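Below is one structure, written out as structure tokens, with a few remarks after it.
The chain is numbered in sequence order, starting from 1. Keep in mind that this is a model prediction, so the values were computed, not measured.
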Amino acid sequence: MTRIELLGVPVDVCRPENLEAEIMKILEKPGTKQIVFLTIWDLLKARNKKKDFGDCLRNADLILPVSKSILKGARFLKLEVPVRYNPFNAVIQILNTLDHHYKSLYMLGSRKKTLQKAEHNVHDTFKSLRIVGRYVGYFPKSTEDAVVQAIFKASPSLVIVSDGIKEKNLWSYHRRDRFSSSIFLYYPDCLGIFAGRIRRVSEKTFDAGKEIWNEIGHSPLKIFLFFPYMWYKILLIFTRLFKKNKKGEEGIYHVDSLEKNQES
């Protein structure tokens, strides 16, 4: 696996055939780990240095792009082009890996009935995967310490964080010193899909990069995402025209990353 920087934001190049090995490598690391599904909107958000989402990404162990525009941007800037992942398919592949190695899972988020149904379906599908705990989302602030303690004591291999967790990817990042050695993965639709309450995007729609229209259908105000998308295009053009040394900088970053990984 290699890591590139697109507009100053880290993105990992991980082939599907190497994903299982990478997951096992991440599991061997001490402390709290994180996998991030990166959208183009996340990428733009991470560029804001006043927010800590950029720090969250730089500390993440695996950053998998899910937007087609990220691949196009990398190609436009003549960087190594990463592999785009369908979040649901990636979660299935990750759970298969954990199942094969007799690992454990904690499920956090959604409403009670959805969570129970999702747990039942996951248990039926992944026979060797131990589900060591679950907790509903939308919990009050006063309950947070109990949730954190429950995850710490269960020490699961993976914590799937779904809807109902206000801080999203930042929830585990902000509390990373309070957990033991789990991987955290935020995917808002995950438990709803497992429970059969949310219909996932079809492979055809996802492959065409048209999943945004499904989102606009559910939330019409997302049509205004057109403006940050155009800003992304402008940034790419500006970077290509005025930062000719970017490719050299990426190479230095890549070598440093490899050396850092080898030392760890």
Side-chain angles (χ1 to χ4, degrees), residues 16 19 23 34-46 53 56-57 60 62-70 83-99 105-126 129 131 133-139 147 151 156 158-173 182-223 225 229:
L19 184 58
I23 295 300
Q34 189 167 15
I35 298 173
V36 176
F37 289 139
L38 186 71
T39 67
I40 181 179
W41 322 116
D42 291 331
L43 187 146
L44 291 171
K45 179 181 175 183
F53 186 63
C56 172
L57 286 186
L62 185 59
I63 305 168
L64 301 176
V66 298
S67 294
K68 205 167 188 177
S69 298
I70 293 177
V83 176
R84 180 178 178 231
Y85 280 81
N86 181 318
F88 183 78
N89 292 345
V91 167
I92 295 299
Q93 191 172 349
I94 292 169
L95 291 181
N96 272 322
T97 297
L98 300 180
D99 186 52
L105 172 69
Y106 194 103
M107 306 169 78
L108 176 65
S110 293
R111 302 292 184 181
K112 185 176 180 180
K113 289 184 178 180
T114 299
L115 183 57
Q116 288 176 336
K117 183 66 175 177
E119 180 185 14
H120 175 78
N121 290 340
V122 170
H123 184 269
D124 283 351
T125 304
F126 304 96
L129 179 66
I131 300 178
R134 56 179 167 83
Y135 206 94
V136 296
Y138 307 97
F139 51 79
V147 176
I151 296 173
L158 174 69
V159 180
I160 288 180
V161 183
S162 193
D163 61 303
I165 305 301
K166 188 176 180 180
E167 293 177 70
K168 304 177 181 180
N169 279 299
L170 289 174
W171 189 84
S172 59
Y173 175 70
S182 304
I183 299 174
F184 285 80
L185 171 60
Y186 174 72
Y187 177 27
D189 293 341
C190 188
L191 299 182
I193 294 173
F194 281 143
R197 295 178 180 271
I198 295 178
R199 187 176 180 180
R200 69 189 184 97
V201 176
S202 70
E203 295 290 339
K204 184 178 179 180
T205 299
F206 183 82
D207 290 343
K210 296 179 179 178
E211 66 275 10
I212 184 62
W213 296 110
N214 285 26
E215 296 180 33
I216 291 173
H218 290 95
S219 179
L221 288 177
K222 287 191 175 182
I223 192 68
L225 289 174
Y229 178 74

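- Contacts of F88 classified as ring pair (Phe, Tyr, Trp, His ring centres under 6.0 Å), with partners at least two apart in sequence or in another chain: F194.
- A pairwise comparison of heavy atoms in G192 and S110 identifies N-OG, 4.4 Å as the closest pair.
- The closest side-chain heavy-atom distance from N121 to K117 is below 4.5 Å.
- The minimum heavy-atom distance linking P156 with I151 is given by the pair CD-O, 3.4 Å.
- Of all heavy-atom pairs between Y85 and L64, the closest is CE1-CD2, 3.8 Å.
- The closest donor-acceptor contact from the side chain of D99 to the backbone of L95 lies at 3.5 Å or more, if one exists at all.
- E167 is linked by a side-chain contact (heavy atoms from CB on, under 4.5 Å) to L170, W171, H174, R175, counting only residues two or more places apart in sequence or in another chain.
- Heavy atoms only, all atoms of each residue included: L115 and V136 are closest at CD2-N, 3.6 Å.
- In this structure, the side-chain contact (heavy atoms from CB on, under 4.5 Å) partners of S69, at least two apart in sequence or on a different chain, are I40, Y229, Y232.
- S182 contributes no side-chain N or O that, together with a main-chain N or O of L158, makes up a donor-acceptor pair within less than 3.5 Å.
- Shown here are the side-chain contact (heavy atoms from CB on, under 4.5 Å) partners of V66, two or more places apart in sequence or in another chain: F37, T39, P87.
- Between the side chain of Q93 and the main chain of P16, a donor-acceptor pair closer than 3.5 Å is present.
- The side chain to side chain donor-acceptor pair (under 3.5 Å) check on H120 picks up D124, with sequence neighbours excluded.
- Put simply, the side chain of V36 does not reach to within 4.5 Å of the side chain of Y186, judged on heavy atoms.
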What's the verdict on side chain to side chain contact (heavy atoms under 4.5 Å, CB included) for Y135 and Y106, showing C-alpha distance, side-chain angles and the deciding distance?
CA-CA 8 Å; Y135 206 94; Y106 194 103; 3.7 Å; yes
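- Because its NZ or CZ atom is both nearer than 6.0 Å to the ring centre of F206 and within 45° of the ring axis, R84 counts as a cation-pi partner of that residue.
- Of all heavy-atom pairs spanning V159 and L108, the tightest one is CG1-CB, 4.4 Å.
- V91 and C190 make their closest contact through CG1-SG, 4.0 Å (heavy atoms, listed as atom of the first residue, atom of the second, distance).
- Between the side chain of S202 and the backbone N or O of T205, at least one donor-acceptor pair lies under 3.5 Å.
- When atom types are taken as modelled, the side chain of Q34 and the backbone of N169 share a donor-acceptor pair closer than 3.5 angstrom.
- Every residue meeting the side-chain contact (heavy atoms from CB on, under 4.5 Å) condition with R197, not counting sequence neighbours, appears here in chain and number order: K113, T114, A195.
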